[in-house]
Amino acid sequence: MIKFYTVLPDNDHLGGARQATKVSIALQEIGEPFETIDLDRRKVVRPKDSWYREINPNGRVPAIDDNGFVLWECAAILEYLVESRESARSLLPGDLKQRATIRKWMIWESSTLTPDLITICALATTQDPEALASPDLEAMVLAAGGASYLLIGGNKDKPAWEQAARMWNWDLHVLEQGLGEREYFGETFCIADIALGVVVPIAFLCGMSVKPFPKLSRWIRRLGQRKSFQRTSSFMNHIEVATAKNLL
Ligand SMILES: N[C@@H](CCC(=O)N[C@@H](CS)C(=O)NCC(=O)O)C(=O)O
């Protein structure tokens, strides 16, 4: 059975490992049984001498162990699941060009969208700490962003925040255009929906709205109707924040 290494929300001061939920959502979508190994972020994931560094030398979650084959990085794990399991094929639907387009969104999410998210979260903590829904957002950003946070974390510049917010809204615009009239980022629900669907709602914690992007807003609600997302407490928490603050 696949072992899934993560940090669950219940005993974690940062509310669990949000990126890692991409993997548990994918495993649930394909009906693959898995054993969850819930790690202590401070005692097991981070320490350089921890046994977990043998699993992931980055000291990050998620990682999986599939019968002795260890893999880390969400995008690589999702692609591996699709390629190794017949039941997962539907998560990478379409012909060659459609599948390449899905991979494009996966790469864009980790190379552009998530770094932009980390930037707005980092700057949000210096702009309006009281408005933040998560008291530990700053620590969360540090956990996810590492060095990039340290570079900009002390920047109390309003123009820097405004520029980061513009950047994020531009990303949302790119997503809105990319989604077009379809329900999902693939011909049907696919791994890009999982990757993007975990990341986009995190920005609700920083007060970023998707209201100017009605297709995206409907897409997030559509994801919220899937059992795999409903069972993901961090996703549901971000939706609650968005609803309370009228951001969705
Ligand atoms: N690029 C990585 C990102 C993983 C990541 O940032 N994980 C965070 C939790 S969401 C983490 O493990 N942080 C380590 C810490 O809290 O010290 C992936 O896609 O797997």
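Atoms within a ligand are numbered from 1 in the order they appear, just like the ligands themselves. No experiment lies behind these values; they were computed from the predicted model shown.
- Under a 4.0 Å criterion applied to the non-hydrogen atoms of A17, ligand 1 contributes the atoms 9 (C), 10 (S).
- Between C74 and ligand 1, at least one N/O pair is under 3.5 Å apart.
- The ring-ring contact (aromatic ring centres under 6.0 Å, His included) analysis of residues 91-112, with sequence neighbours excluded, yields the pairs W105-W108, W105-F185.
- Of all the heavy atoms of Q19, the ones lying under 4.0 Å from any atom of ligand 1 are found in both the backbone and the side chain.
- Under a 4.0 Å heavy-atom criterion, P62 is in contact with ligand 1.
- Of the possible donor and acceptor atoms, one in the side chain of N169 sits under 3.5 Å from a partner among the backbone N and O of A165.
- With R182 contributing its side chain and T188 its backbone, the two residues share no donor-acceptor pair below 3.5 Å.
- Qualifying side chain to side chain contact (heavy atoms under 4.5 Å, CB included) partners for S209, counting only residues two or more places apart in sequence or in other chains: K211, P212, L247.
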ask   = Under the side-chain contact (heavy atoms from CB on, under 4.5 Å) criterion, do Q28 and R226 qualify, and how do the steps go?
value = CA-CA 10 Å; Q28 290 178 69; R226 301 185 80 87; over 6 Å; no

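- With D66 contributing its side chain and F69 its backbone, the two residues share no donor-acceptor pair below 3.5 Å.
- Between L14 and ligand 1, no pair of N/O atoms sits closer than 3.5 Å.
- Taking only nitrogen or oxygen atoms, main chain and side chain alike, R46 reaches within less than 3.5 Å of ligand 1.
- The atoms of ligand 1 that sit less than 4.0 Å from any heavy atom of R41 are 13 (N), 15 (C), 16 (O).
- Residue contacts with ligand 1 for E73 involve both N, CA, C or O and side-chain atoms from C-beta outward (heavy atoms, distance under 4.0 Å).
- Which parts of ligand 1 touch R18 is read off a 4.0 Å heavy-atom cut-off, strictly below it: atoms 10 (S).
- Closest approach of V198 to P201, counting heavy atoms only: O-CD, 3.7 Å.
- Atoms of ligand 1 lying under 4.0 Å from any heavy atom of G59, numbered from 1 in the order shown and given with element: 14 (C).
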